[in-house]
Amino acid sequence: MGRGVVADFGLSELFSGLCHTDTLDPFPVWRDGAISPCFNQLVLGALAHSVVAVFSACYLSHISDSSLTILSFCITQMQPPPVLSPVGERSYTSMSVNDADSSLLIPESSYQDTGEVVAEDGSSFISHLMYLWLNPLLRRGRRGELEKPCNVYLLPRRLRTSAVRRHFLRCWEDCQQGAATQRGNTAHRPANRSLQNGTWTSPLQEELSGIAVEEVGLLKVLHKAFGLRYYLLGVLKLAGNMLSFAGPLLLSSLVQYMKEEGAPISQGAWCATGLFFSTFFSALIRNIFAFEVSKVSLSARAALISAIYGKALRVSGGSLAARFTLGEVVNFMSTDTDHVINFFNSFHEVWSLPFQFSIALYLLYLQVGVAFLGGLGVALLLVPLIKVLASKIMENNKHMLTHKDSRVRLMTEVLFGIRVIKFYNWEAYFAQKIADCRRQELSHLKAIKYLDAVCVYTWGSLPIVISIITFVTYVLLGNELTAAKVFTALALVGMLIVPLNSFPWVVNGTLEAKVSLDRIQLFLKLPNQDLDAYFSHGRCVSWKSWGLPSYHSKDVVFFFLVRQGSLVVVVGKVGCGKSSLLAAITGELNRRGGDVYVQGREDGFGLAAQEPWIQHATVRDNILFGKDYNSSFYQAVVEACALTDDLNILPNGDRTEVGENGVTLSGGQKARLALARAVYMEKDIFLLDDPLAAVDSDVAHHLMERCIMGILRSKTRILCTHRIEFVDKADVVILMDNGTIIKTGTPEEVLPLVEAVPKKRKNDSNAKEKDAIEREEEQGLSNELFAEEESSLSRGEQKAVGGLAWKVYHTYWRAVGGALAVSILLSLLLMQASKNVSDWWLSHWISNLRNNGSVKFYLTVYGSIAGANTVFTAFRAFLFAFGGIRAASVVHNRLLDTVLKATVTFFDTTPLGRILNRFSSDLYSVDDTLPFFLNILLTNIFGLLGMLVVMSYGLPWFLVALLPLGLLYHRTQHFYRHTSRDLKRLCSLTLSPVYSHFSETLSGLALLYLSRTSPRFEEENERRLEQNQRCLFLSNAAMQWLDIRLQMIGVVVVTGISVIAVFQHQFKSIDPGLVGLSLSYALSSTGLLSGLIFNFTQTEMQLVSVERTEEYSTTLPTEPQHSNPQVPTSWPEQGWVEFRGAVLSYREGLPNALDGVSLVVRPGEKVGVVGRTGSGKSTLFLALFRMVELNQGQILLDGVDTSQVGLAQLRSKLAIIPQDPFLFSGTVRENLDPCGHHPDSRLLEALEHCHLSPVINRIGGLGAEVGEQGKSLSLGQRQLLCLARALLTEANILCIDEATASVDQKTDKLLQQTIREKFQDKTVLTIAHRISTIMDSDRVLVMHSGKVVEFDTPADLCQRDDSIFCKLVGGRGE
């Protein structure tokens, strides 16, 4: 029966069912005098979709199966009758129109992420036009509910960062293929177009064979990705320009109508109607154009930032470090990207401004004939001047960016090493060094600003000069001026103001964009890390030292074989090439020849680096590193890496957030956390670069037994270490010297060659105390920091709420200088007044033509007023430039001064990116963007006041409409400003995490390469960027929401004045001169009204940067800055140290880190400090240097209370060898003696005593660059350089936080001898990491729970059975 039903079901039944018609006439074409609905929907409705589908297929460059799928699918989307609606609709919900935009073909509410609103998508035509879809967000903003990024709309789907990135990468690959084709390279790989199946391969990840990345220009890719859509917007720009010229022509007709008495009212009505429509459509088109351009620029921004981040993840570490510093690379993402994106606003002006200029001149010719040539001649004479100015601006801009890079790089280093800088009392030196960079930067900024001022003056005074010359020429040619001609000409000259004023900024923006584009292109040209090529060769490897010339390269020669599952231990003295060996295995060095084969390298390596890289995240997130949480394995890893006790101490256990780069952890904790992360990765090969150096003997044994020989026993392990006691556990031992493997064999074969203490005894000579200081910092330093975490570290940057406080305006006023600010305002007032008076004088002249007044008299007065205007314009331009530079200098100096004086706690609890954002993006706003917008804003304010005065004088009836329009204007901008202000703050708030994440990524690139986790970090960058893009998009949309409303108010003003004029003309005679003057001003009102609020909002947004810098300048917790002039310069001469009842806690509510410590250290005495975890050893040093202030008690040096001495006086009289070596970019000489107190001979002598002379001579002597953060030297060599600093000191009190953990046993032995000899007559306090270090001390101080429990000679303490020190020594087996 079923078969029969199917058989009876034919085509007519199908159409009848679809169309709800009779089977006899199933598909009617015509019904009831019209096309039938069925035919309309199934045929005519499908035509449009078919055309779209065919064009789409052509666009996709080939008709493929996927294209036909799109074609067939489009035909079904034609609003079918209800009977069709349930059929298969949901099966298409994830299909996209094309790869470049992720817009769904079938909108479905369930797609909206977490129920949030998607901006713009799905709104009606009117809603698009008037931005009605934005109203709910604006209402939320007015109620103060836009507090977090998640409160704002989602981006439209085609603007999502993921969609834009995929499209950009596809265009990049297409350009690569095009370049390969042009070169005749036919062997290249075909394009991978499988975007929709999610298997797209980035061309920045894998270069096409036969064509290098550098052969693809970034500009070409941007052109391909966004060019077509962007260029088409030029049509809108052209239409808007053409409509804007209708105004002056209609004005001419209206004024002509006013002159003719008895002219029909219809003529005036047509003129008024024409003015309404021309201004209305012009406003509408300009608004649409601006918003669409902002969308394209937003897409380009996402593409550029993603490309820069992606490139950083794939470029080889050596080439990146050799060419760019961290600060420069961060600048590519911030300043340079901004410059390129700003060009999207400038490009259409490049052709539009000359076009407007030409049309305006032509219309001027129609009004005044050849007289316009006089004005044109003046304009043409300025072309060479503009060319010179443009080249100078470009040159200075390039230099300014270079010095900005240097300043940001230096600031980054200072922030990284701020703790050591405070120990050494180097704040003044670095402040001066940063100030020198800033001075050079400002010298070029000053040149740019003054050149801009010349442009502003030239173009600002040009319209009035053109007016004078044109009218004088016209009169001298024997013509008579009329109201229609004068005010039409004035309106046209007024229209010249826009292109003439804008042109310098457009040229400047274009040149800036070119410079920045070239810089980004240079970065993208760097070669990607090509591991396939590397691992096909490479026994002899070249390692070019970071930042050094090529002739300083260091050859390291390796030849060895490691079997799977074996433990290889690499030993050798400091700087022998152990870390380079690991780098060679991972492919980080440049190969010279030979072969390298690593089985399973595609899965990556487990790396525990010598300098651990820790993310600003929780302890658990650092260990998991993106992998899924496996409870049993996680606990096993934590226990194997000896982290269980540490996690029990932390306030939130493994959920405790650590500071940036692990700043809140001790050195030992960081090392074990990095080891735990490596183990949890579950790789087959583990590279362990001295993870045992930062832990005591017990913990080292635990790590060796439970981790390296335990949980990793089946893995291939290569361990570099100075801990000789563990060498006998190795399957293979490699001995290195000077970059060469000199012996490979069993422990029995190699150990005799290593000068070391015999096995078991040296085991414990490595001191149980190694990790004691580290874990003590958990209780001491970490008590402070982890307690802070709950309130600071785990909390994001705070967003200010409400309007900008008047304090912010006052701050900038003070930065400019009160007298100078008043002078600027006065010059602006006089400039505007002289302009308005000159226009009024023209009107007066026209009105008195009938009285045959003296033309010469009128021309003389007119010329004099115009001349005064040019003088005031010059004053305003140069005074403003000077004021902006002065403010930039003051704001930076105050910010730098306060930040360098801030307490150490502030730096430990504030992400580096957040502070750097103040010194890069915020200062850029204060330097450049804020003065630019403020200048235009002030001009607009005075221009609006002048316009209202003139229009009210010319047409008093206008005052009737002024009040309601003013109220509407105020209400609109007030409604808008609340939201725009919050959106700008959210933009700043979401920008810091993007930069912080990028800086953090650059610091840990090596680990990301080896662990193969780059894709996850790219996704995280995409997520953070998406949040920032959401805020930026809505900020732009809100701006256009306001613009369209203000433009409509302008339309009402123009229409209202023309209607009033027409009616007044009917009832009484009216002065055509005043009407013409009023209307010529009214025509510019639309731009002025929208420009006023736009620039006011932009200025307010930029003032947020002043607010943020001011917040740091005034609210940071700073160290006391007083000094005591009564303290003699030779103090402390003896070196007497006394603690009297010292009590210190890092924070209220925490236990005392020092609890009533009283002790006396005699002059010249050598004291060793030991103690268990949390005993307070490090806190003694922190208290002595006043890094943390005492709660009670005193510390006396030679009888002087240190709290009464200035910090600079105190710290300059003390010396310290810190555990973490700090070197900054510069020469060896600068790092040893930044202040230049010692001759070179003393420096060389200090290096000799530290056994560093051979290394320093090899890299180029005292003048050799050490690279960013000293990367040219190994960690051990950096520690030795810090020891050399101490040898140079004149201080009588030396604190040693054992700084030889990363040097070999032989060198350590020699260094201890050097310290004993060189500091023979000085008081030395040593926190012991190796018990052998302090066995020859005069006395040993044993700390426990912040109290002194033992203080006596080592011999006496060892004789006491109940002595803690005796038990520590007893543990050595002696």
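Below, all heavy atoms of this structure are taken into account, side chains as well, without hydrogens, waters or symmetry copies. Keep in mind it's a predicted model, so treat the numbers as computed, not measured. For reference, positions follow the sequence shown, starting with 1.
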Item to check | Ile936: side chain to side chain contact (heavy atoms under 4.5 Å, CB included) partners, not counting sequence neighbours | outcome: Phe932, Asn940, Asn1095

Checklist entry - Checking Arg1024 side chain against Pro993 main chain: does a donor-acceptor pair fall under 3.5 Å? => result yes

Item to check | Partner of Asp336 by salt bridge (Lys or Arg N to Asp or Glu O under 4.0 Å), out of Arg301, Arg519, Lys404 | outcome: Arg519

For residues 812-831, which side-chain donor-acceptor pairs fall under 3.5 Å, sequence neighbours excluded?
residue : atom : partner : partner atom : Å
Ser823  : OG   : Ala819  : O            : 2.9
Ser827  : OG   : Ser823  : O            : 3.3
Ser827  : OG   : Ile824  : O            : 2.7

Next on the checklist: Using only atom types and a distance under 3.5 Å, with no angle test, would you say the side chain of Asn1191 pairs donor to acceptor with the backbone of Ser1145?
Outcome noted: yes

Checklist entry - Can you find a heavy atom in the side chain of His892 that is under 4.5 Å from one in the side chain of Glu441? => result no

Next on the checklist: Rounded to the nearest 0.5 Å, what separates atom OG in Ser1225 from atom CG in Asn1231?
Outcome noted: 8.5 Å

Next on the checklist: With heavy-atom distances below 4.5 Å as the criterion, would you say the side chains of Ile434 and Met411 are in contact?
Outcome noted: yes

Checklist entry - Using 30° and 60° as the class limits, which term best fits the ring planes of Phe324 and Phe523: parallel, tilted or perpendicular? => result perpendicular

Checklist entry - Hey, does Leu930 have a side-chain heavy atom less than 4.5 Å from the side chain of Ser1105? => result no

Next on the checklist: Classify the ring geometry of Tyr309 against Phe998: parallel below 30°, tilted from 30° to 60°, perpendicular beyond 60°.
Outcome noted: tilted

Next on the checklist: Can you confirm whether Val904 sits close enough to Ile418 that some side-chain heavy atom of one is under 4.5 Å from a side-chain heavy atom of the other?
Outcome noted: no

Next on the checklist: How long is the straight-line distance from NE2 of His339 back to CG of Leu511, given to the nearest 0.5 Å?
Outcome noted: 11.5 Å

Next on the checklist: Closer than 3.5 angstrom, by distance alone: can the side chain of Asp1233 be matched with the main-chain N or O of His1237 as a donor-acceptor pair?
Outcome noted: yes

Item to check | Which atom of Arg438 lies closest to which atom of Ala888, heavy atoms considered | outcome: NH2-O, 3.2 Å

Checklist entry - Will you find, in the side chains of Asp436 and Gln432, an N or O donor that is under 3.5 Å from an N or O acceptor? => result yes

Next on the checklist: Counting only heavy atoms from other residues, nucleotides and ligands, does the tally under 6.0 Å from NZ of Lys446 exceed 12?
Outcome noted: no

Next on the checklist: Tell me whether Arg918 is salt-bridged to Glu1111, with the criterion being a basic N under 4.0 Å from an acidic carboxylate O.
Outcome noted: yes

Next on the checklist: Does any part of the side chain of Tyr424, heavy atoms only, come nearer than 4.5 Å to the side chain of Phe430, both counted from C-beta?
Outcome noted: no

Next on the checklist: Between Lys398 and Glu395, does any side-chain N to carboxylate O distance fall below 4.0 Å?
Outcome noted: no

Next on the checklist: Strictly distance-based, threshold 3.5 Å: is any side-chain N or O of Glu1110 a donor or acceptor partner for the main-chain N or O of Thr811?
Outcome noted: no

Item to check | Derivation and outcome, side-chain hydrogen bond (donor to acceptor under 3.5 Å, both in side chains), residues Thr939 and Arg876 | outcome: CA-CA 10 Å; Thr939 307; Arg876 164 245 172 168; 2.8 Å; yes

Checklist entry - So do the side chains of Leu938 and Phe880 get within less than 4.5 Å of each other, counting heavy atoms only? => result yes

Item to check | Closest non-hydrogen atom pair, Leu146 against Leu986 | outcome: O-CD1, 4.0 Å

Item to check | Full working for side-chain contact (heavy atoms from CB on, under 4.5 Å) between Glu413 and Lys433 | outcome: CA-CA 12 Å; Glu413 291 188 335; Lys433 199 170 179 183; over 6 Å; no

Checklist entry - Where is the tightest heavy-atom contact between Leu410 and Cys437, given as atom of each residue plus distance? => result CD2-SG, 4.4 Å

Item to check | Gap between atom CZ of Arg1108 and atom CG of Leu923 - 0.5 Å precision | outcome: 11.0 Å

Item to check | For the student: nearest non-hydrogen atoms of Phe1185 and Ala1215, plus distance | outcome: CZ-O, 4.0 Å

Next on the checklist: Using 0.5 Å steps for rounding, measure from the CZ atom of Arg886 to the CG atom of Leu879.
Outcome noted: 11.5 Å

Next on the checklist: Please determine whether side-chain contact (heavy atoms from CB on, under 4.5 Å) holds for the pair Tyr995 and Ser921, giving the CA-CA distance in whole Å, both sets of side-chain angles, and the decisive distance to 0.1 Å.
Outcome noted: CA-CA 10 Å; Tyr995 294 158; Ser921 294; 3.3 Å; yes

Checklist outcome for this item: Value for CG (Asn1028) from OG (Ser988), rounded to nearest 0.5 Å, stands at 8.5 Å

Next on the checklist: Between Asn396 and Lys392 (side chain of the first, backbone of the second, donor and acceptor by atom type, cut-off under 3.5 Å), is there such a pair?
Outcome noted: yes

Next on the checklist: Using every non-hydrogen atom in the two residues, find where Gln1209 and Trp1131 come nearest and quote the distance to one decimal.
Outcome noted: O-CZ3, 4.3 Å

Checklist entry - Crowded around Phe875 CZ? As in, over 12 foreign heavy atoms under 6.0 Å? => result no

Checklist entry - Judged by modelled atom types alone, do Asn917 and Ser992 share a side-chain donor-acceptor pair under 3.5 Å? => result yes

Item to check | Salt-bridge contact Lys901-Asp897 (side-chain N to carboxylate O under 4.0 Å) | outcome: yes

Checklist entry - For Thr1179 and Val1188, what are the C-alpha separation, side-chain angles and deciding distance, and is it a side-chain contact (heavy atoms from CB on, under 4.5 Å)? => result CA-CA 8 Å; Thr1179 311; Val1188 185; over 6 Å; no

Checklist entry - Would you say Lys422's side chain and Leu900's backbone share a donor-acceptor pair under 3.5 angstrom? => result yes

Checklist outcome for this item: In this structure, CG of Leu304 is separated from OG1 of Thr337 (nearest 0.5 Å) by 5.5 Å

Checklist entry - Judged by atom type as modelled, is there a donor-acceptor pair below 3.5 Å linking the side chain of Lys807 to the main-chain atoms of Glu1107? => result no

Checklist entry - Taking the side chain from Ser889 and the backbone from Ile885, do they hold a donor-acceptor pair closer than 3.5 Å? => result no

Checklist outcome for this item: Closest non-hydrogen contact found for Leu1207 with Pro1120 is CD1-O, 3.4 Å

Next on the checklist: Using side-chain heavy atoms (C-beta onward) and a distance below 4.5 Å, is Met400 in contact with Asp927?
Outcome noted: no

Item to check | Non-hydrogen side-chain atoms of Val330 and Val408 separated by less than 4.5 Å | outcome: no

Checklist entry - Would a line drawn from the ring center of Tyr1112 to the ring center of Phe906 be shorter than 6.0 Å? => result yes

Item to check | Steps toward side-chain contact (heavy atoms from CB on, under 4.5 Å) verdict (Phe919, Arg407) | outcome: CA-CA 9 Å; Phe919 283 94; Arg407 177 176 60 80; 4.1 Å; yes

Next on the checklist: Test your reading of the model: is there a side-chain donor-acceptor pair from Arg1211 to the backbone of Arg1186, 3.5 Å cut-off?
Outcome noted: yes

Checklist entry - Under 3.5 Å, side chain of Ser1035 to main-chain N/O of Cys1031, donor-acceptor pair present? => result no

